[in-house]
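Written below as structure tokens is the structure these notes are about.
Note that the numbering runs from 1 along the sequence shown for the chain. Keep in mind that the numbers below use all heavy atoms, side chains included, and drop hydrogens, waters and symmetry copies.
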Amino acid sequence: MNDADVVVCGGGIIGAALAYGLQGCGRKVILVDGPDNAKRASRGNFGLVWVHGKGLGMRPYARWSLASTNLWSEFARELSEYTGIDCGYRRTGGVWLTLSEQEFASHQALIARLRVEAGAEGYRADILSREQIERIMPGVGPQVPGGSWSDDDGEVNPLALLHALHRALSLGGTARLTASAVTALAPAPGGGFQVTVDGRTLGCERLVIAAGLGSKTLAAMLGMNVPVAPSRGQILVTERIAPRFAVTSNLVRQTPEGSILIGATMENVGEDDRVSRAGMRHVANLGAAAFPFLRQLRIVRSWAALRVLTPDGYPIYDEIPGHRGAFVVTAHSGVTLTAAHARTLAPAIAAGALPEETSAFGAARFSSDHAAQLH
């Protein structure tokens, strides 16, 4: 007899969102979550729900990101009503800031190419001059020549989101095994899977691997290569000030409590998740270039975390070859995609197959055979 309908390996925002969606489909779920000192992307997130500028060369990803964002308001309301936790989602609109004429020209070319790829679907972004940005985000520096605007972007408190998802799982009866490690995965005799957790073997009909960087090791237990690698991001947080920005941006955002978040780096340093002086200096310089008034504020906190990247930066959603009912889900933009993971991806997994709109995100796109077929 199975212990659960679905075992989800990974208790970060992606795994928790999928477990929440599966729970909502009436499935009995066990969520296996690692220790508090695990290298979690969920706890080092800038908190953007961001569509703007995404999906070049991968139109399905642009559609998927927008579809998730369009689900976010109702999803956040439902989660708040169910758990009593407000995750702070706001669809504020977003400004993409550039810091040189060359960067601005490249960004305009990016937006133009995204419009071409979108075709008749349209692409919702407008190029802004520095003067237009000043009206939206007062205090922008002279080093900013321009940027762009999208109505679709917003922000959320990622820690509150993770807390709300975990609370929702508890309220809904999902078992969350904390400070636990999956040491073996195997097909079960007669169908389904066996998941060994801290010496105990759990039986399940379906399996979801959503363990961030750990997905590579876990999927390999079932013979699948999941090409993910760490990218360290560092963020600075200022003291609280009176409300200044009503919108968010790619470089800075002000929280409802008044702090300003500045970020972020993208560093190839392996699994080193420590804050570095060089990284903090770089982030501070970015913020001060965009908004010189930030130089007058005190930095009260900083952090670093390892984000999860695939070779092309786009998600991997796949059923493990030869193991029907076992799925891998990993994405860099786990916060943006939370609503789609809970509302669209989880019900599809509950039904036994990934949705058609995610078919472009299979891991086979990274194989040499697949690349040869494209040329």
ask   = Between Phe291 and Phe245, what is the ring plane arrangement, given parallel below 30°, perpendicular above 60°, and tilted in between?
value = tilted

inquiry  = Any carboxylate oxygen within less than 4.0 angstrom of a Lys/Arg side-chain nitrogen, looking at Glu131 and Arg135?
reply    = no

inquiry  = Does atom CD (Glu356) have a neighbourhood of more than 12 heavy atoms from anything else shown, all under 6.0 Å?
reply    = no

Centroid separation His332 to Tyr61 less than 6.0 Å = no

key: CZ/Arg324: more than 12 non-hydrogen atoms of other groups inside 6.0 Å   = no

key: Under 3.5 Å: donor-acceptor pair, side chain of Thr265, backbone of Glu267   = no

query = When you measure from the side chain of Thr201 to the backbone N and O of Val197, does any donor-acceptor pair fall under 3.5 Å?
reply = no

query = Is a side-chain N or O of Ser80 found less than 3.5 angstrom from the main chain of Glu78, in a donor-acceptor match?
reply = no

query = Would you find a donor on one side and an acceptor on the other, under 3.5 Å apart, between the side chain of Thr98 and the backbone of Glu103?
reply = no

Any donor-acceptor pair under 3.5 Å from His166 side chain to Gly11 backbone = yes

ask   = Taking atom CH2 of Trp72 and atom CZ of Arg90, what is their separation to the nearest 0.5 Å?
value = 13.0 Å

query = Do other residues, nucleotides or ligands put more than 12 heavy atoms under 6.0 Å from Gln102 CD?
reply = no

inquiry  = Using only atom types and a distance under 3.5 Å, with no angle test, would you say the side chain of Arg206 pairs donor to acceptor with the backbone of Ala350?
reply    = yes

request  = Look only at the side chain of Ser150 and the backbone of Gly94, and say whether a donor-acceptor pair between them is shorter than 3.5 Å.
outcome  = no

inquiry  = If you apply the rule side chain to side chain contact (heavy atoms under 4.5 Å, CB included), what do you find for His341 with Tyr317, and how did you get there?
reply    = CA-CA 11 Å; His341 287 162; Tyr317 302 156; 2.6 Å; yes

query = Relative to the ring of Trp50, is the ring of Trp96 parallel (under 30°), tilted (30 to 60°) or perpendicular (over 60°)?
reply = tilted

ask   = In terms of ring plane angle, is the pair Phe193 and His323 parallel, tilted or perpendicular, where the classes change at 30° and 60°?
value = tilted

message = Would Tyr314 and Trp64 count as a side chain to side chain donor-acceptor pair (under 3.5 Å) here? Give the steps.
response = CA-CA 11 Å; Tyr314 298 124; Trp64 183 241; over 6 Å; no

inquiry  = Check this for me: Arg115, atom CZ, are more than 12 non-hydrogen atoms of other residues, nucleotides or ligands nearer than 6.0 Å?
reply    = yes

inquiry  = Check whether Glu134 reaches the backbone of Gly139 with its side chain - one donor and one acceptor, N or O, closer than 3.5 Å.
reply    = yes

task = Evaluate whether atom CZ of Arg244 has more than 12 neighbouring non-hydrogen atoms of other residues, nucleotides or ligands under 6.0 angstrom away.
result = yes

key: Separation between CD1 of Ile127 and CD of Gln108, rounded to the nearest 0.5 Å   = 5.0 Å

request  = Look at Arg298 together with Glu239 and state whether they make a salt bridge at an N to O cut-off of under 4.0 Å.
outcome  = yes

ask   = Are the side chain of Glu101 and the backbone of Pro145 linked by a donor-acceptor contact shorter than 3.5 Å?
value = no

inquiry  = Under a 4.0 Å threshold between the charged nitrogen and the carboxylate oxygen, would Asp151 count as salt-bridged to Arg91?
reply    = no

message = Donor-acceptor pair, distance only, cut-off 3.5 Å: does the side chain of Asp152 make one with the backbone of Val51?
response = no

